[in-house]
Amino acid sequence: MLRACRHGGLALFSNLLKTSSSSCECFLHFSLFSPTPKTAIPHSSSLATQLPQVSPSNAVSSSAVSSISSLISAQTVQCKDFDELLRDYKGKLSSKLVLQILMNYKQLGRVKTLEFYSWAGIQMGFQFDDCVIEYMADFLGRRKLFDDIKCLLLTTLSQKGRLSCRVFSICIRFLGRQGRVAEALSLFQEMETTFRCKPDNIVYNNILYVLCKKETSGELIDIALTIFHRIDVPDTYSYSNILLGLCKFDRLETALQVFNNMNRAGLVPTRSAVNVLIGQMCLLSAKEGATGKVRVKKVSRPFTILVPNVSPNKGAIEPAVSVFWKIRDLGLLPSAFVIVQLMSELCRLGKMEEAFKILKVVEQRKMSCLEEGYSVLVQALCEHNWAEKASFLFGRMLSLGVKPKLVVYNSIICMLSKAGSLDDIERVFKVMNKKRCLPDNVTYTALIHSYSEARNWEAAYNLLIEMLSLGLAPNFHTLTLVDKLLRENGQMDLCFKLEGKLETQILLKHCKTGQLEAAYQKLNSMIGKGLHPPVYVCDAFEQAFQKYGKLKIARELLDKMDKVCKHKEKKNSW
């Protein structure tokens, strides 16, 4: 990192270490001629958070700060004028005074701020307090002047100035934000060898964050692990960063070992680390039960077969549940999305009891995923035909004021329909209407089949008509079932009416979608069967043809329908 730069850095850095004066001039000129980045300058409040608080006893004279800032901020003043302009202040320079002036960067501007720092550094031999160097590292990092940061570090080193761990953590953080992972790692590795500064936990955490979250290839995860093991006493963020990296690059076994070590140390991971760890194990568990396509080629006619996933990592859901309970005991829970993901995977594997225990925790904490959790569990119980437990949970949802979704009602109704519990189905449907949850095709189909099985042709027919009036299209089996039931009970007129309703709905759909040819054929077919659509459907038919400039064709067919109607009325009157 510190050996080359895009602005002729090789020559610059080799000259930088020769003499103190040339070092200072080098930093000055390098700062002056670096291109200004096209980025917005951050608010001063964000910079102030990086600075230590100055106590009243150590505060510098505000008049000196104001005077110096006013003098050097003038447009006509250049760097070469600083010696003459500030000669009365040379003996008064201190780290605190320099820091307060640097904090007036909005008044000075970027270039004058860097010029003043270089001038003050020459006067003081770059023997600044830590807070000044840290401020400048932050100042340059926020403006993405990374080459100037390199020069800042080398200049301070050449003048035997002190570089704190915080300076390196600031530099590593900004390099990582810009995706300059290799440079951040190089700087970290040179901390002890070149700058003789031993990293502290903040530096370790920053480099782990860069290697684990900003690096995308996965090639540096082993280096991150080596760095992690060098930490004498890892803290919450050390563990959490390495957990994120291990999960990101599918090193789940190692991640679990790190998590267990963290748990034994009594440390609580960050929520993001927990979410990634549990989420990745749930995904791995889902892959274990998946199937894949395999192409068989060593035959005369190649073909494809489905085979189960034969991953060596089996039973990933148990560790995920274990992690959940351990972090619960530490007072932390995953996000609502991850909890639902964990419950869904448990239900898919048939582990309903474990999913219910997790649901109880969600209920106790009053989390936002309570409704979704109940929905997942009720649907799973219905799929396994555990009617008693599903009914219990459904009743509990209602008692807690949780509004079930349509899919929950459908699951309950379909389960009861298979069991032939018509009375229970009617009660659930009444609750559904009371809660203003609109039914769909699945709901009506299950209800119609239940009434048909009970030979209640009147209820089945009314539900089918209601379904058609809502614009829902029943499947062929449902229509056949109701039609057969009506014919068995001698309701031929209702059969004819039902056919008219169905044909009318299909005709209206063709008109709305602009399928003119299909609409024409459907209406012509209806006229041949003696079925006449209502007025609003005829209007829709006429408007659809008029939209495409074929109104004459539509009116000819409608006139034909009117003649058939009049002929039929005349025949009936005889």
Side-chain angles (χ1 to χ4, degrees), residues 1-13 16 26-51 79 98-99 101-118 121 126 128 130-157 163-191 194-195 202-203 205-217 220 241:
M1 175 207 175
L2 299 176
R3 296 292 177 262
C5 68
R6 65 177 181 273
H7 303 299
L10 283 172
L12 181 64
F13 292 146
L16 186 70
C26 170
F27 179 75
L28 172 63
H29 293 305
F30 194 82
S31 300
L32 281 172
F33 294 107
S34 295
T36 304
K38 298 179 181 179
T39 55
I41 296 177
H43 298 294
S44 58
S45 60
S46 61
L47 290 170
T49 58
Q50 303 290 330
L51 302 174
C79 177
V98 171
L99 179 60
I101 294 171
L102 292 175
M103 290 177 67
N104 285 338
Y105 69 92
K106 284 191 174 180
Q107 179 183 352
L108 303 179
R110 181 183 71 88
V111 173
K112 288 290 180 65
T113 301
L114 297 176
E115 288 175 348
F116 174 76
Y117 177 80
S118 299
F126 284 90
F128 293 119
D130 291 344
C131 58
V132 178
I133 308 294
E134 291 164 6
Y135 181 88
M136 283 308 298
D138 184 274
F139 181 88
L140 296 170
R142 290 181 185 278
R143 287 152 183 80
K144 303 177 184 177
L145 301 175
F146 297 113
D147 293 329
D148 286 356
I149 289 179
K150 300 172 190 177
C151 203
L152 168 69
L153 297 177
L154 288 171
T155 302
T156 306
L157 175 66
L163 290 170
S164 66
C165 285
R166 189 172 181 182
V167 171
F168 290 98
S169 68
I170 291 170
C171 296
I172 290 170
R173 183 175 71 249
F174 281 114
L175 286 167
R177 286 180 183 176
Q178 295 302 312
R180 302 171 78 146
V181 178
E183 294 177 58
L185 180 59
S186 177
L187 177 58
F188 171 79
Q189 291 170 340
E190 293 181 1
M191 273 189 68
T194 303
F195 297 98
I202 297 177
V203 175
N205 292 345
N206 273 283
I207 191 62
L208 287 177
Y209 174 82
V210 171
L211 295 176
C212 294
K213 197 161 184 180
K214 295 299 182 180
E215 209 276 325
T216 57
S217 67
L220 302 179
N241 284 330

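What you see is a predicted model; the values in this text were computed from it and never measured.
Residues forming a ring-ring contact (aromatic ring centres under 6.0 Å, His included) with Y209 (at least two apart in sequence, or on another chain): none. Residues passing the side-chain contact (heavy atoms from CB on, under 4.5 Å) test with Q189, sequence neighbours excluded: L185. With sequence neighbours excluded, the residues satisfying side-chain contact (heavy atoms from CB on, under 4.5 Å) with I202 are S169, D200, N206.
Under the 3.5 Å distance criterion, the side-chain polar atoms of S186 are left unmatched by any main-chain donor or acceptor of A182. With hydrogens and angles ignored, the 3.5 Å screen pairs no side-chain donor or acceptor of Y135 with any backbone N or O of L99.
Between Y117 and F128, the ring centre distance stays below 6.0 Å.
In this structure, CG in L108 is found 8.0 Å from CG in L102, a value given to the nearest 0.5 Å. To the nearest 0.5 Å, atoms CG (L140) and NZ (K150) are separated by 12.5 Å. Between atom CZ of residue R166 and atom SG of residue C171 there is a gap of 12.0 Å, rounded to the nearest 0.5 Å. A distance of 6.5 Å separates CE of M136 from CG of L152, quoted to the nearest 0.5 Å. To the nearest 0.5 Å, atom CG of residue D148 and atom CZ of residue F139 are 10.0 Å apart. Rounding to the nearest 0.5 angstrom, the gap separating the CE atom in M191 from the CD1 atom in I172 is 6.5 Å.
In this structure the side chain of F126 never reaches within 4.5 angstrom of the side chain of I133, judged on heavy atoms. Residues L145 and R110 have side chains in contact (heavy-atom distance under 4.5 Å, counting atoms from C-beta outward). Looking only at side-chain heavy atoms (C-beta outward), L153 and L187 come within less than 4.5 Å of each other.
Geometric assessment of R142 against the ring of Y105 yields a negative cation-pi assignment under the 6.0 Å and 45° thresholds.
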Quick one: do N205 and R173 satisfy side-chain contact (heavy atoms from CB on, under 4.5 Å)? Show the steps, please. CA-CA 10 Å; N205 292 345; R173 183 175 71 249; over 6 Å; no
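Between A137 and V167, the closest heavy-atom pair is CB-CG1, 4.2 Å.
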